[in-house]
Novice: 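Before I ask anything, here is the structure I am working with.
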Amino acid sequence: MLRLVGAGVMLTVMADTTATTLAVGMLKYTPAGAGMPLGDLVWLTSAAFVPIAALLATAGRWADLFGRRRVLAVGLVVFVLGGIATVMVSSWSSVLAARAVQGAGAAAMIPASLGLLLGELPEQQRRGAIALWSSASGLGCLLMQAGGGWLAAGFGWRALFAPDVVMGVALLAACVALPSGRRAGTKGWPDVLGAWLLAAGIAVIVLAISKAMSWGLDVVWLGIAALALLGGALAQARHHRLPAIDLALWRRPRFVWGWLATWGFGALSYGLLTVQPLYLLHLGYPMLEVAMWLTPTSVAVVVTSYLAGRVVKRIGPYGLIYAGALLCGGSCVIVLTQGGPTVWALIASVVMGMGVGALAPGTSVATTLAAHPSQYASAVGAATMARMVGGAVGIAVVSVVIDHPFMRGPLAGLAAALALCVGISVLIGALALTKITRLRPDPGEEMIKVPRRMLLELRMTLATVAAEADALLPVETRAAAPSHDPARTPAHPYAQQRQTAGTGPLTGSYGHTHV
């Protein structure tokens, strides 16, 4: 049940994300979204990403402090209510508000589910659980792409969010059978102000990127405001007893490396997830055919994530990250050489899914297992925050590049977005390769070297104990033992101790007691 609910949460969240990317594509090329720039349409995704990214660390902290099952149940309730509102409300601003509510619920669901999973499973099963949890995201993407095209074609873009509500209710019912999860037992209120400052800072960053071309130099003031808000969140974390950001995680070098790789993975994967349907819809393909073209990518993600969980012990998480970045970058290069959906483009989409399938468990293992067991939910929150922040930034940058391309041609904007994804892949691969080839390991990875002096003291102690044990044996047993001829027996550093063992402290206490 732990594995089922943990995987179900990630499946639901990723299905919701895929639904938004399909909905953005539909709105872009249908009268429903006519006249709206792509930078405004992608806020259907960003409206949920911003609260997820901002509240993940705080929700993970709350899950560690107040019980992971409790926080998971609250998150599911909020997520379901937001999904119902997304389907029912009419105005665009109300839709974005409902998406933000869903994002807040997902922010509680994600760290609580994986924190509960890792906290209750034995250590040898945790890597496999992370791989299952990561591969479930690919399955959610696959199911939504396979069925979402039919839903959108038959009932409109709002129907894409209906399955999230059904899955959320089912997961909420399954929570009854879960253990409550460990609680840290710390008293006090978490840093709510720091969480709000973090959310506002991330929202301002995404807004500044999406409006960079239309607002011009005015976005500089947004950048300054974002830095001030993030600085306030960090100041709160330094002085608050239960901060929104667990700064202890950032003192672990392995966690910092994993966080950076996860940030790049978020920017790359969600950027590609946005570009793919837009590319096909731009060529005039109907929604059902778009879903068929996207399905092989999701199948490759699911299969590769499962296999990657089995080989992560052999090649390490950064080996998976390097391989995933190489596959994603290479597939984007292949697509750039094609003029439309061809056999090579289909092969490239499968390779792209393999790359994402390798990056997902690689970044999850690299970041999550760098934390102490008492910080699992906090680490999951911080790591997924990196993925969502990267995703929000990646989607915003991709939308700007598509509307204002730096390349020429009939598909200049989409080609520029793919070229940008190639650059992100190179950066992720370089980071992973640097981590793999570092000569000096991280402090957490160094093996404990026992000095020779300690080994000698341990050997002497064991010899003394052996001598005292001999003194406790019955007299006839010691007499029956073969005698040692000093002339024929090599000198031993502890011979003197064994000959005088009868005067040891154990002898004085117990004498020659017969057992």
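Position 1 is the first residue of the sequence, and the numbers go up from there. Given the structure is predicted, the values throughout are model-derived calculations rather than measurements.
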Novice: For residues Ile205 and Leu230, determine if any side-chain heavy atom of one lies less than 4.5 Å from a side-chain heavy atom of the other.
Specialist: yes
Novice: Are any of the side-chain heavy atoms of Leu2 and Leu116 separated by less than 4.5 Å?
Specialist: yes
Novice: Using modelled atom types and a 3.5 Å cut-off, is there a donor and acceptor pairing between side-chain atoms of Arg387 and backbone atoms of Thr363?
Specialist: no
Novice: For residues Leu229 and Val204, determine if any side-chain heavy atom of one lies less than 4.5 Å from a side-chain heavy atom of the other.
Specialist: yes
Novice: Which heavy atom of Cys332 sits nearest to which heavy atom of Val422, and what is that distance?
Specialist: CB-CG2, 3.4 Å
Novice: Mind running side-chain contact (heavy atoms from CB on, under 4.5 Å) on Phe265 and Ile321 for me, showing each step along the way?
Specialist: CA-CA 9 Å; Phe265 168 56; Ile321 293 171; over 6 Å; no
Novice: Determine whether Thr274 and Thr21 satisfy the following criterion, side chain to side chain donor-acceptor pair (under 3.5 Å), listing intermediate values before the conclusion.
Specialist: CA-CA 6 Å; Thr274 302; Thr21 59; over 6 Å; no
Novice: Report the residue from Val398, Val275, Ile334, Val333 that forms a side chain to side chain contact (heavy atoms under 4.5 Å, CB included) with Leu418.
Specialist: Val275
Novice: Say you draw a straight line from CE of Met109 to CG of Leu72; how long is it, rounded to the nearest 0.5 Å?
Specialist: 7.0 Å
Novice: Under 4.5 Å between any side-chain heavy atoms of Arg99 and Thr20, yes or no?
Specialist: yes
Novice: Report yes if the side chains of Val13 and Ile110 come closer than 4.5 Å at any heavy-atom pair, otherwise no.
Specialist: yes
Novice: Closest approach of Gly264 and Ile424, non-hydrogen atoms and distance?
Specialist: O-CG2, 3.7 Å
Novice: I'd like to check the salt bridge (Lys or Arg N to Asp or Glu O under 4.0 Å) partners of Asp164; sequence neighbours left out, ordered by chain and number.
Specialist: none
Novice: Within the 4.5 Å heavy-atom criterion, are Met352 and Leu327 side-chain neighbours or not?
Specialist: no
Novice: Would you call Ile202 and Leu198 a side-chain contact if the rule is heavy atoms closer than 4.5 Å?
Specialist: yes
Novice: To the closest 0.5 Å, what do you measure between CG (Leu359) and SG (Cys328)?
Specialist: 5.0 Å
Novice: Can you list the residues that meet the ring-ring contact (aromatic ring centres under 6.0 Å, His included) rule with Phe49, with sequence neighbours excluded?
Specialist: Tyr270
Novice: Who passes ring-ring contact (aromatic ring centres under 6.0 Å, His included) against Trp344, sequence neighbours left out?
Specialist: none
Novice: Would you say Thr12 and Pro163 make side-chain contact, with heavy atoms under 4.5 Å?
Specialist: no
